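First comes the structure, then the notes that go with it.
As the structure is a computational prediction, the values presented were derived from the model and not from experiment. Each chain gets a letter, A, B and so on, in the order the sequences are listed, and its residues count up from 1.
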Amino acid sequence: MTDSVLTIASEVRSGTRTAAATIRASLDAIAARDDELHAFLYVDDLGARAAAIVVDAAVEAGRDPGPLAGVPVALKDNLCVRGVATTCGSKILDGWKPPYTATVIERLVAAGAIPIGKTNLDEFAMGSSTENSAFGPSRNPHDPSKVPGGSSGGSAVAVAAGYVPVALGSDTGGSIRQPAAFCGLVGYKPTYGHVSRYGLVAFSSSLDQIGPFTNTVADAALISTVICGHDPADSTSLADGYPDLLGALDRGVSGLRVGLCSDLLNGADEEIVAKVRAAAQVLAAAGAEIIDIAIPELRLGLSAYYLLAPAEASSNLARYDGVRFGLRVEREDVAAMNVATRTAGFGAEVKRRIMLGTYALSAGYYDAYYGQAQKTRRLITNALNAAYTSVDVLLGATTPTTAFGFGDKVADPMSMYLSDLFTIPTNLAGHPALSVPFGVGATGMPIGVQILAPGRRDDLLFQVGAVLENGAPA
Amino acid sequence: MSTRHPLTSAEVLQVAGLARLELSEEEVETFTAQLGSILAHADDIASLDLGGLQPMAHPFDIENVFRPDTVTPTLERDELLSQAPAVERNRFKVGRILGEAP
């Protein structure tokens, strides 16, 4: 499906196309290619068709079907839909059907969008390739021998393969932006607190944020306008101060100060550095002022993140104990049942992170690891905020490399973690960032450039992103 | 600040116990090497002097969040219990909790 969210919604609203036909086309595309690409863990064929009939009936009756009328949307399978199996890519949630629906999905459905299925992910969103999914990896539509990135890899594939014009993912350390870059899509990680996390299965609660994958910057703005906003069900949801994303699209970049950040470039492949520099030239030609800037503190993000996120995960994942939902491996007493259940239910990467987090939080190591990582988080946030006194936004690479091959980084977790080098700092600071596709590398794989903005200034991302999109290599 | 020493397999076993995980001998070996290399990478922050900085637990300074004390719908009990591996008389059912005295 190459039509944009904007096009589909406006045509369904005006009656020049039906939601039913749109959903049918989407389901046909999935049926044709998803055995190979494995974007979806579950396709809600009947539910989507039924929802389409409701939208078409509203249009026919002259009722407003909503700003996203008839738009098929794919959902990362860590987002809960009441009564629909949610796996998080893990065997430990085998058979679990959530008793409530995530706020983002309620909002999308209220706007007329139609959830079409749940997408594959690294188990509990821990990974950068979907190779950690208990149900097998997804494949990159640009080259099925390459990973799509992760953890929201299935959502990226669903859009890049043309099944749907939009998918939701979650971004804890780059899990939207990295697969967006690998698959040639726009990927947006909003300011922490802009999108309700109610109904998102928790990985690292102080870092997790939901956001969209789309083909265009305008579509990302439109979807985000629907899903952003205060939610009383998420106590970390911000009460006010949401910027106008759609209004930012036509603002241009004249006079904008863009920091070309060496610490978001060093370590990236040469062809990626070249694309980021070309992106800077596009912005300069549009009237932006390009300022070279170094923020060496950003290099410390990886270490801080890989202590903080596992620490929070080790606490969040303590709930999978075989008592109230999901898998249970029966044993005589409860403690042995807990151990047997968790040992059978979790995959290697999840175990690795739970143990790492448990270690970082344990007596004797708390100050040296967890405490020191929390202070480093402050150091990085202060450094970013200081940079934003001399520049309005930062520009850099989204990823150090283009999409890699299956198995390339599985044996050495540290090499996998390095994929997140440039995306992690914004999560630590709670700031927003946008990855925009900007041409391809030597092997034809997509390259993404990343824009970073201060907290709550998500509008700047869309202002810059729209200009980059126009100037991107064909 | 750094109190690091190479991670030992005994420590990995202890942490696995705290995390309610059981590891095979082979897993102990693999995880000891992998976790050791991740912790070694963290040496770059372990040696920093960050004494003057407040630990940061959260992106924004959030105070306690309250709501009016009004009755609102809650999740359905039967729906929640329907997800449990075992239930008895509207309660989650588990095996024995108290073991034999050691």
Shortest non-hydrogen contact from [X] to [Y]?
X: B:Phe60; Y: A:Tyr192; result: CE1-O, 3.1 Å
X: A:Gly430; Y: B:Pro59; result: CA-CB, 3.6 Å
X: A:Gly322; Y: B:Pro85; result: O-CG, 3.5 Å
X: A:Val334; Y: B:Gly95; result: CG2-O, 3.3 Å
X: B:Ala42; Y: A:Tyr369; result: CB-CE2, 4.4 Å
X: B:Ala19; Y: A:Ile354; result: CB-CG2, 3.5 Å

Residue [X] versus chain A: region with a heavy atom under 4.5 Å:
X: B:Glu22; value: both
X: B:Glu11; value: side chain
X: B:Leu81; value: neither
X: B:Ala33; value: neither

Contact class of [X] relative to chain B, heavy atoms under 4.5 angstrom:
X: A:Pro232; value: neither
X: A:Arg82; value: side chain
X: A:Asn382; value: side chain
X: A:Tyr417; value: side chain
X: A:Ala411; value: backbone
X: A:Leu379; value: both
X: A:Ser314; value: neither
X: A:Thr191; value: side chain
X: A:Leu428; value: backbone

Which value, rounded to the nearest 0.5 Å, describes the distance between [X] atom [atom1] and [Y] atom [atom2]?
X: A:Met355; Y: B:Phe31; atom1: CE; atom2: CZ; value: 4.0 Å
X: B:Leu39; Y: A:Tyr359; atom1: CG; atom2: OH; value: 6.0 Å
X: A:Gln372; Y: B:Asp44; atom1: CD; atom2: CG; value: 10.0 Å
X: A:Ile380; Y: B:Leu53; atom1: CD1; atom2: CG; value: 10.5 Å
X: B:Glu27; Y: A:Thr343; atom1: CD; atom2: OG1; value: 8.0 Å
X: A:Arg377; Y: B:Met56; atom1: CZ; atom2: CE; value: 4.5 Å

Under 4.5 Å, counting heavy-atom pairs only, tell me which of B:Gln34, B:Arg67, B:Lys93 racks up the most with chain A.
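When all of B:Gln34, B:Arg67, B:Lys93 are compared, B:Gln34 has the most.
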Does the A:Thr376 side chain pair with the main chain of B:Ile45, one donor and one acceptor, at a distance under 3.5 Å?
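No; zero donor-acceptor contacts below 3.5 Å.
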Just checking, is any N or O donor in the side chain of B:Glu79 or A:Tyr100 under 3.5 Å from an acceptor N or O on the other one?
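On atom types as modelled, these side chains do not qualify, holding no pair under 3.5 Å.
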Distance only, no hydrogens: is a donor on one side chain within 3.5 Å (strictly under) of an acceptor on the other, for A:Ser206 and B:His58?
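Short answer, no.
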Between A:Leu307 and B:Ile38, is a side chain to side chain contact (heavy atoms under 4.5 Å, CB included) present by the stated rule, with each step listed?
CA-CA 9 Å; A:Leu307 293 171; B:Ile38 298 164; 6.0 Å; no
Between A:Arg324 and B:Gln83, does a side-chain hydrogen bond (donor to acceptor under 3.5 Å, both in side chains) hold up when you go through it step by step?
CA-CA 7 Å; A:Arg324 290 150 300 155; B:Gln83 298 302 307; over 6 Å; no
Whether B:Arg20 engages the ring of A:Tyr320 as a cation-pi pair (distance to the six-membered ring centre under 6.0 angstrom, angle to the ring normal within 45°) should be assessed.
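Output no; distance or angle outside limits.
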When A:Lys375 is tested against each of B:Leu50, B:Leu48, B:Asp49 for side chain to side chain contact (heavy atoms under 4.5 Å, CB included), which residue passes?
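By the side chain to side chain contact (heavy atoms under 4.5 Å, CB included) criterion, A:Lys375 pairs with just one of B:Leu50, B:Leu48, B:Asp49: B:Leu50.
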